[in-house]
Amino acid sequence: MKRMLFLVLFELKKILNRKKALLFLVALNVIPLVASLALLVAYVKFKSFGFGEVQFSVLYEIVQGLFKGHVKLFSFIAPFFLALVVGDSFSTEFSRGYMKMLLLTPINRWQVITAKTVAIMIFLLLAVFIGGMFLQADLLLARTMTQNSGVIPDSLMQELPDQLNTSKPLNLVSTSSALQLLAMTFFGNLMLIGFFIVFSLFFESAILMSFTSLSVLMGIHTFYLIASNLLSKMDPWYDTLAKWCFSRHLDDLFAIKSIENILEGKANIFAGEIFSTLLSISAWTVAFYLLATLIFSRRQILH
Amino acid sequence: MTAAIKVTDLNKLFGRKQVLRALHFTIPPDTIAGFLGPNGAGKTTTLRILMGLIPSYKGNLEMLGCSIPSQRVKALEQIGAVVENPTFIETMSAYENLYWFGSLYKPLPDARIHEVIDMVGLKEATNQRFGTFSTGMKQRLGVAFGILHKPRLLILDEPTSGMDPAGRVHMREILRRIHREEKTSIFLSSHLLDEVQRLCNYVVIIDKGFTVSEGYVADLLATHQEKWEIRMPDEEFERARSLVAGLGLQITIENAPRGLVLTMNAGLSGQVNQELVKAGIKVNALIPHEASLEETFIRLTSDAGDKGGNA
C-alpha cells in the first residue's frame with residue numbers, strides 16, 4: 001500500500017513537472033481569473049466615479065454567468081488538454097522508456113495504471129478546484145460590492161429576479177451549488193480520462209494519440225447527434241445504437257438548463273436525471289478503466 | 001543452492017518470426033555471468049521476458065527460486081535491473097531519479113542514495129539533470145539504480161555500450177566491487193567478449209534464439225578450444241600452412257615469429273601434429289596458448305549456424 005501511495009505521488013510530481021499540464025491549469029482558469037479582475041476594476045471605477053453601489057441585478061447576472069461559462073468551458077476545453085496530459089502519462093512514457101524503468105521495479109501492472117489514473121484524477125481535481133477558488137473569490141468580491149453583510153438591502157429588492165426576491169440572506173451562488181457544479185465537472189471529465197487512457201496504450205506519441213482519440217470522440221458524438229435526431233425517425237434501431245454513445249452523457253450533464261437549475265437551487269446532483277447521468281458516467285469510467293488494465297497487462301514494452 | 005536464474009524451454013514469437021527457440025540456461029548463484037550472442041540472437045528479448053516487460057511467451061522461468069510471472073514482484077524485490085539504456089526522467093537530477101525510482105523498492109535512507117552515487121563515481125553530478133548526462137554517466141547511474149536496494153541479483157544489458165575504454169575499465173571495477181562487497185550475483189549481456197572474459201566467471205552463449213553453450217569460462221575454453229603455437233624452421237612455414245589448411249578441419253591459422261599459431265576444436269591437436277610429422281615437417285616445439293573467449297564464441301556460433309540448431 002505504501003508503495004502504491006508513493007507511486008501516486010511520483011506520478012503526480014511528473015504531471016506537475018510538465019509544461020502542458022501547467023498550460024492546462026492556466027488555460028482553464030484564465031476566464032474566471034480575468035473575470036474576477038474585471039469585476040474588481042469595474043467596482044473601483046464605479047466607486048471612483050461616484051456611482052456608489054453597483055446595481056445588484058447586474059452583479060447577480062455577472063456572477064451567475066461566470067459560473068455557467070466556467071462549467072461550459074470546462075466541458076468543452078478540458079477534453080483537449082486532458083488528452084494531452086493522459087498521452088504524456090502513457091504514450092510519451094512508452095516512447096521515452098520511463099514506463100520500462102517503472103516496470104523494472106517490483107510493481108504490478110494494474111498498480112501502475114491505477115496510480116497513473118489516480119494522479120491524473122488528482123490533477124483534474126486541482127484544476128477544477130483552482131477554477132472554483134477564483135469563482136468563490138468573485139462571490140466574496142460581489143458581496144463586498146453590494147456593501148452589506150449578507151442581507152439584501154431594501155433599495156435593491158425590486159431589482160432582484162423573482163426567485164431571489166425574498167427576505168432570505170443574500171447568497172449569490174451558494175457554496176453547495178458551487179461544489180455540486182465542480183463535482184459535476186470532475187465526474188464528467190473522469191469518464192474521458194478512462195477513454196483517453198485506453199487510446200494512449202496503443203500510441204507512443206501524445207500528440208498523435210490526442211488527435212486520434214479526439215477524432216474518435218467527435219465521430220462518436222456526431223453519430224449520436226445524427227442518429228438520435230435524424231436517423232431514428234427512419235429506423236428505431238439507430239436510436240438504440242445512439243444510446244450506446246457514451247458521449248451523450250456529457251451533453252446531458254452539461255446541459256445549460258441543468259447548470260441553471262443547480263445554480264438556482266432547483267436541482268441537485270444527488271437526485272433526478274443528473275444523478276442517473278452521473279451513475280451512467282461512473283459505470284463507463286469503470287468500464288474504460290477495466291479495459292485499459294486488461295490491454296496494459298498484455299502490452300509488450302519494447303522501448 | 002538456488003540458481004540465480006533458471007530458464008527452461010523458452011520460446012518467443014514476434015508475429016511469425018520465432019526469436020527464441022527452446023532457450024535454456026541456468027546461472028549458478030554467486031557468479032558474474034556473461035550473456036553472449038551476436039546481434040539479433042535474442043539476448044535483450046530474453047532479459048525483457050525475465051523482467052516481465054514482455055508478458056506473452058512459452059516456457060518456464062525462475063529467478064532466485066521465484067517462479068515468473070506468478071512470483072514476479074517477490075523476485076524483483078531482490079533483483080536490480082537495467083534493460084537496454086537507462087532511461088530516467090530527463091528533467092530530474094541524479095539524486096531525484098534515484099530517490100523516486102529507488103523508493104519503489106523500499107524506503108531508502110538518504111545516506112544509501114549518496115553512498116551508491118559515490119560508489120559509481122557520480123558524486124560531482126548528484127544534482128545535475130539526467131538530460132545533461134553523457135552516455136557513460138547514464139550507464140553508471142543505471143548501475144547505481146540497480147544496486148540501490150542491495151539486491152541479491154543484478155541484471156544488466158550491455159552496461160558498457162557507448163563507453164570509452166577508461167569508462168569500461170571503471171565500470172568493470174564497479175561491478176567487481178559490487179560482487180565482492182555487496183555479495184551480489186551479476187548477469188550481464190555484452191558484445192564485448194574480451195570484457196566478458198576479464199569480468200565473468202560463467203558464460204551463456206546463444207545464437208538465433210538457441211542456447212549454443214553455457215558453463216564456467218575456464219571449463220568452456222578448455223572444452224571447446226585448443227590454441228597451439230607450432231615452431232618449425234622458416235623454410236617449412238608455407239608447406240605446413242598448406243598442409244594444415246588442406247586437412248579439411250576447422251582450424252584458424254595465424255603466423256607467429258617462429259612458426260604458426262593454430263586455433264582448433266578441442267582434441268584435434270594430436271591429429272594435426274601427427275599429419276605434420278607424417279609429412280616430414282620438423283616440429284621444433286608445441287607451445288600451448290590460452291584460447292580467447294572471442295575465438296571460442298566465433299567458433300561456437302558458426303558451428304551452431306552450420307548445424308542450424310542447438311549445439
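Numbered from 1 within each chain, the chains take letters A, B, ... in sequence-line order. FYI, side chains are in, hydrogens and waters are out, and symmetry mates aren't considered; it's all heavy atoms of this structure.
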Query raised in the report: Hey, which of A/Arg298, A/Arg96, A/Arg109 has the most heavy atom pairs under 4.5 Å with chain B?
Result: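 Top count of heavy-atom pairs under 4.5 Å with chain B: A/Arg109.
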For [X], does the [atom1] atom sit with more than 12 other heavy atoms under 6.0 Å from it, leaving out its own atoms?
X	atom1	value
B/Glu124	CD	no
A/Phe187	CZ	no
A/Phe129	CZ	no
B/Lys12	NZ	yes

Query raised in the report: How close do A/Ser297 and B/Pro55 get, heavy atom to heavy atom, and via which atoms?
Result: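 Closest approach of A/Ser297 to B/Pro55: O-CG, 3.6 Å.
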Requested in this report: Mind listing the closest non-hydrogen atom pair of B/Tyr105 and A/Leu104 along with its distance?
Outcome: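 Of all heavy-atom pairs spanning B/Tyr105 and A/Leu104, the closest is OH-O, 3.2 Å.
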**Report entry** Proximity breakdown for A/Lys13 and chain B, heavy-atom pairs closer than 4.5 Å
**Finding:**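 Answer is side chain: those atoms of A/Lys13 sit under 4.5 Å from chain B.
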Query raised in the report: Side chain, backbone, both or neither: which part of A/Asn17 has a heavy atom under 4.5 Å from chain B?
Result: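 It is the side chain, since no backbone atom gets that close.
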Query raised in the report: Between atom OG of B/Ser103 and atom CG of A/Leu9, what is the distance when rounded to the nearest 0.5 Å?
Result: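 Result: 10.5 Å between the selected atoms.
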**Report entry** Pair A/Phe6 + B/Tyr99: ring centers closer than 6.0 Å
**Finding:**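 Aromatic pair counts; centres sit under 6.0 Å.
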Query raised in the report: Does the side chain of A/Leu302 come within less than 4.5 Å of B/Leu53's, by heavy atoms?
Result: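 B/Leu53 vs A/Leu302: side chains apart.
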Query raised in the report: Mind checking whether A/Glu11 and B/Trp100 have side chains closer than 4.5 Å, heavy atoms only?
Result: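 Contact flag for A/Glu11/B/Trp100 side chains = no.
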Query raised in the report: Testing B/Lys106, B/Glu77, B/Lys74, B/Gln78 for side-chain contact (heavy atoms from CB on, under 4.5 Å) with A/Pro106, which one passes?
Result: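 Of the listed residues B/Lys106, B/Glu77, B/Lys74, B/Gln78, the side-chain contact (heavy atoms from CB on, under 4.5 Å) partner of A/Pro106 is B/Glu77.
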**Report entry** Top contributor to chain A contacts, counting heavy-atom pairs under 4.5 Å, from B/Thr45, B/Leu76, B/Thr87
**Finding:**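 Between B/Thr45, B/Leu76, B/Thr87, the count favours B/Thr87.
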Query raised in the report: Most heavy-atom pairs under 4.5 angstrom with chain A, which of B/Thr44, B/Ile89, B/Val83?
Result: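 Answer, by heavy-atom pair count under 4.5 Å with chain A: B/Ile89.
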Query raised in the report: Does A/Lys100 use its side chain to pair, donor to acceptor, with the backbone of B/Val82 at less than 3.5 Å?
Result: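 Between the backbone of B/Val82 and the side chain of A/Lys100 there is no qualifying donor-acceptor contact (under 3.5 Å).
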Query raised in the report: Counting N and O atoms only, with roles assigned by atom type, does the side chain of B/Arg72 sit under 3.5 Å from a partner on the main chain of A/Ile107, one being a donor and the other an acceptor?
Result: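 Judged by distance alone, yes, a pair lies under 3.5 Å.
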**Report entry** A/Gln300 and B/Tyr57: CA distance, side-chain angles, deciding distance, side-chain contact (heavy atoms from CB on, under 4.5 Å) verdict
**Finding:** CA-CA 11 Å; A/Gln300 302 189 133; B/Tyr57 59 88; over 6 Å; no
Requested in this report: Could you please spell out the steps behind the side-chain contact (heavy atoms from CB on, under 4.5 Å) verdict for A/Ile301 and B/Ile54?
Outcome: CA-CA 6 Å; A/Ile301 311 294; B/Ile54 296 178; over 6 Å; no
**Report entry** chain A contact via B/Phe88 - which portion, at a heavy-atom distance below 4.5 Å
**Finding:**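 B/Phe88 touches chain A through backbone and side-chain heavy atoms alike.
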